[in-house]
Amino acid sequence: MQHRPTLHGSQNTTARVLASGLSPINPASDGAREVLPGVYLVELPLPFALGSINVYLVRLTDGYLLVDCGMGTEDCFQALAHALEAVGARWRDIREILLTHVHPDHMGLAPRLIDLTRARLSMHAHDAEYLRELTQTDHYLAWADGVMRQAGVTNDIIAKIRGSSKEIHKHFHSLEPDRVLQGGEKIAAAVGDLEVLWTPGHSPGHVCLYGRERRVLFAGDQMLEQISPNIGWLPDRDPLGEFLDSLREMERLDVDLILPSHGAPFSGHREWIRKTISHHADRCARILALIDGRSRNAAEVVDELWERTLAPFHYRFAVFEVLAHLEYLERQGKVARVAGEPIVRWRAA
Ligand SMILES: [Zn+2]
Ligand SMILES: [Zn+2]
């Protein structure tokens, strides 16, 4: 079956990013590329396979809005400083920093940038809450271990995953937003009003920005040209169902230009949405086929779905992604848990 790489499991991303015409090491020669009047794409280097992240500097009626911050590395900081200079802006000209979501490549530099800019920090209520949980590292990692144990992951693998998770968790920082977003807010930019769209799934408080006048969508990690974003399980939620619902709502918008957080700008959001919905439908069908006539735990499903051996870090994402699919199927009445076992086994309902 055709399977598109998940956001955190892709191996060919660097090549794709290079195909955008922007090198992940040396962003466009002047450091910033004006993709619309007053909207600058700034590509910042990342120290992992994803290669780079795009942050956007958007001219407001007064000063600038910065959409996402980049990772908390010196390389990211220097690349952003260089881009700012190219645009002719100073740190203090940034009036607002908006995080599409709280993953380390999007928020890592935030504390340093807030200090420099004194900008107002905006993020969605659910990601503000999620970040509070993520920054209680020991508590969070113990919880994730428990989820994986219940999913049938062996203690040996859990120990290996913990090593790589601890590294990543160093890049989460406690942040309290000055403005807590719910969705529906409008930001007056030079390209017209940008409307905050709450698009949960990849993270519970992921947001996109939509400019109706210019038919432009700042897509965060919700929509990446060649990559299907990772959708991980979270308690008391249906992340996959929420993601699919948010895509169906976005299908109604008129969009000419998608500005993603990774890779080149692209267009064709309706086609992308159709492909992505069908990717998840395929994935669900494969899971249903695997547990038809024989119950399995989530780890066994992962081993069947991914032919290649996954590095510990990617394995964790795969387990949480399969759990998100099982949760979705359970809420649809298509699968059920086998009662009374410490490791949860799933069967067709
Ligand atoms: Zn992300
Ligand atoms: Zn990202």
Side-chain angles (χ1 to χ4, degrees), residues 36 38-42 44 53-72 76-77 80 83-84 87 89-135 171-214 216-223 242 246 249-250 253 259-261:
L36 283 177
V39 176
Y40 299 89
L41 183 161
V42 181
L44 305 176
I53 178 167
N54 304 326
V55 302
Y56 294 92
L57 199 57
V58 182
R59 204 184 305 129
L60 301 174
T61 40
D62 175 34
Y64 286 90
L65 160 73
L66 179 66
V67 181
D68 287 329
C69 292
M71 193 118 179
C76 262
F77 179 77
L80 183 58
L84 211 61
V87 170
R90 293 159 305 171
W91 290 115
R92 286 296 186 99
D93 294 331
I94 298 176
R95 301 291 144 78
E96 177 160 4
I97 295 174
L98 181 143
L99 299 179
T100 59
H101 63 301
V102 296
H103 287 164
D105 46 335
H106 297 253
M107 63 78 77
L109 264 187
R112 191 166 174 187
L113 298 187
I114 290 164
D115 264 1
L116 278 169
T117 60
R118 307 286 159 88
R120 145 168 108 162
L121 177 70
S122 303
M123 68 174 102
H124 192 275
H126 286 312
D127 259 35
E129 191 189 318
Y130 183 41
L131 184 60
R132 273 176 228 124
E133 287 161 17
L134 287 165
T135 46
H171 295 279
F172 287 110
H173 308 288
S174 298
L175 287 173
E176 278 307 322
D178 302 299
R179 177 158 77 142
V180 177
L181 303 171
Q182 306 290 340
E185 296 83 357
K186 289 204 170 107
I187 300 170
V191 280
D193 279 355
L194 299 178
E195 189 184 334
V196 176
L197 309 177
W198 176 42
T199 52
H202 178 62
S203 80
H206 188 287
V207 294
C208 296
L209 288 177
Y210 177 56
R212 201 169 295 275
E213 223 169 282
R214 298 303 292 245
V216 60
L217 180 73
F218 295 79
D221 279 356
Q222 170 90 352
M223 227 176 253
E242 292 174 25
S246 74
E249 277 185 32
M250 293 173 97
L253 301 174
L259 299 175
S261 287

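Reckoned from all heavy atoms, side chains included, excluding hydrogens, waters and symmetry mates.
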_Would H206 and H126 count as a side chain to side chain contact (heavy atoms under 4.5 Å, CB included) here? Give the steps._
CA-CA 8 Å; H206 188 287; H126 286 312; over 6 Å; no
Min side-chain heavy-atom separation [X]-[Y] under 4.5 Å:
{"X": "L209", "Y": "V196", "result": "yes"}
{"X": "D93", "Y": "V87", "result": "no"}
{"X": "I53", "Y": "H106", "result": "yes"}
{"X": "S246", "Y": "Q222", "result": "yes"}
{"X": "L131", "Y": "F172", "result": "yes"}
{"X": "M250", "Y": "C208", "result": "yes"}

Looking at [X] and [Y], what are the two nearest heavy atoms and their distance?
{"X": "L217", "Y": "L197", "result": "CD1-CD1, 4.0 Å"}
{"X": "H173", "Y": "M107", "result": "O-CE, 3.3 Å"}
{"X": "V55", "Y": "G70", "result": "CG1-N, 3.7 Å"}
{"X": "W198", "Y": "P204", "result": "NE1-O, 2.9 Å"}
{"X": "P104", "Y": "H171", "result": "CB-CB, 3.6 Å"}
{"X": "V67", "Y": "F218", "result": "CG2-CD2, 4.5 Å"}

- Query: Is a side-chain donor or acceptor of W91 paired with a backbone partner of R118 at a separation under 3.5 angstrom?
  - Reply: no
Next on the checklist: Would the distance check show the side chain of D178 and the main-chain N or O of L121 forming a donor-acceptor pair, the cut-off being under 3.5 Å?
Outcome noted: yes
> Got a sec: does the CZ of R90 have more than 12 other heavy atoms crowding it under 6.0 Å?
Replying inline: no
| Other residues, nucleotides, ligands: >12 heavy atoms within 6.0 Å of R179 CZ | yes
Notebook entry, point to check: Under the side chain to side chain donor-acceptor pair (under 3.5 Å) criterion, do H101 and H103 qualify, and how do the steps go?
Noted result: CA-CA 6 Å; H101 63 301; H103 287 164; 3.1 Å; yes
Working to the nearest 0.5 angstrom, can you tell me the gap between [X] [atom1] and [Y] [atom2]?
{"X": "E195", "Y": "E185", "atom1": "CD", "atom2": "CD", "value": "9.0 Å"}
{"X": "S261", "Y": "D221", "atom1": "OG", "atom2": "CG", "value": "5.0 Å"}
{"X": "T100", "Y": "H202", "atom1": "OG1", "atom2": "NE2", "value": "8.0 Å"}
{"X": "I94", "Y": "L60", "atom1": "CD1", "atom2": "CG", "value": "10.0 Å"}

From the list L41, V39, L66, side-chain contact (heavy atoms from CB on, under 4.5 Å) with L57 holds only for L66
Test side-chain contact (heavy atoms from CB on, under 4.5 Å), reference L175, set T135, D127, I97, L99, output is L99
Worksheet item: Is the shortest distance from a Lys or Arg side-chain nitrogen in D115 or R112 to a carboxylate oxygen in the other one below 4.0 Å?
Response: no
Would I187 and V58 count as a side chain to side chain contact (heavy atoms under 4.5 Å, CB included) if you check the C-alpha gap in whole Å, the side-chain angles of each, and the deciding distance to 0.1 Å? CA-CA 10 Å; I187 300 170; V58 182; over 6 Å; no
Y210 meets the ring pair (Phe, Tyr, Trp, His ring centres under 6.0 Å) criterion, sequence neighbours left out, with none
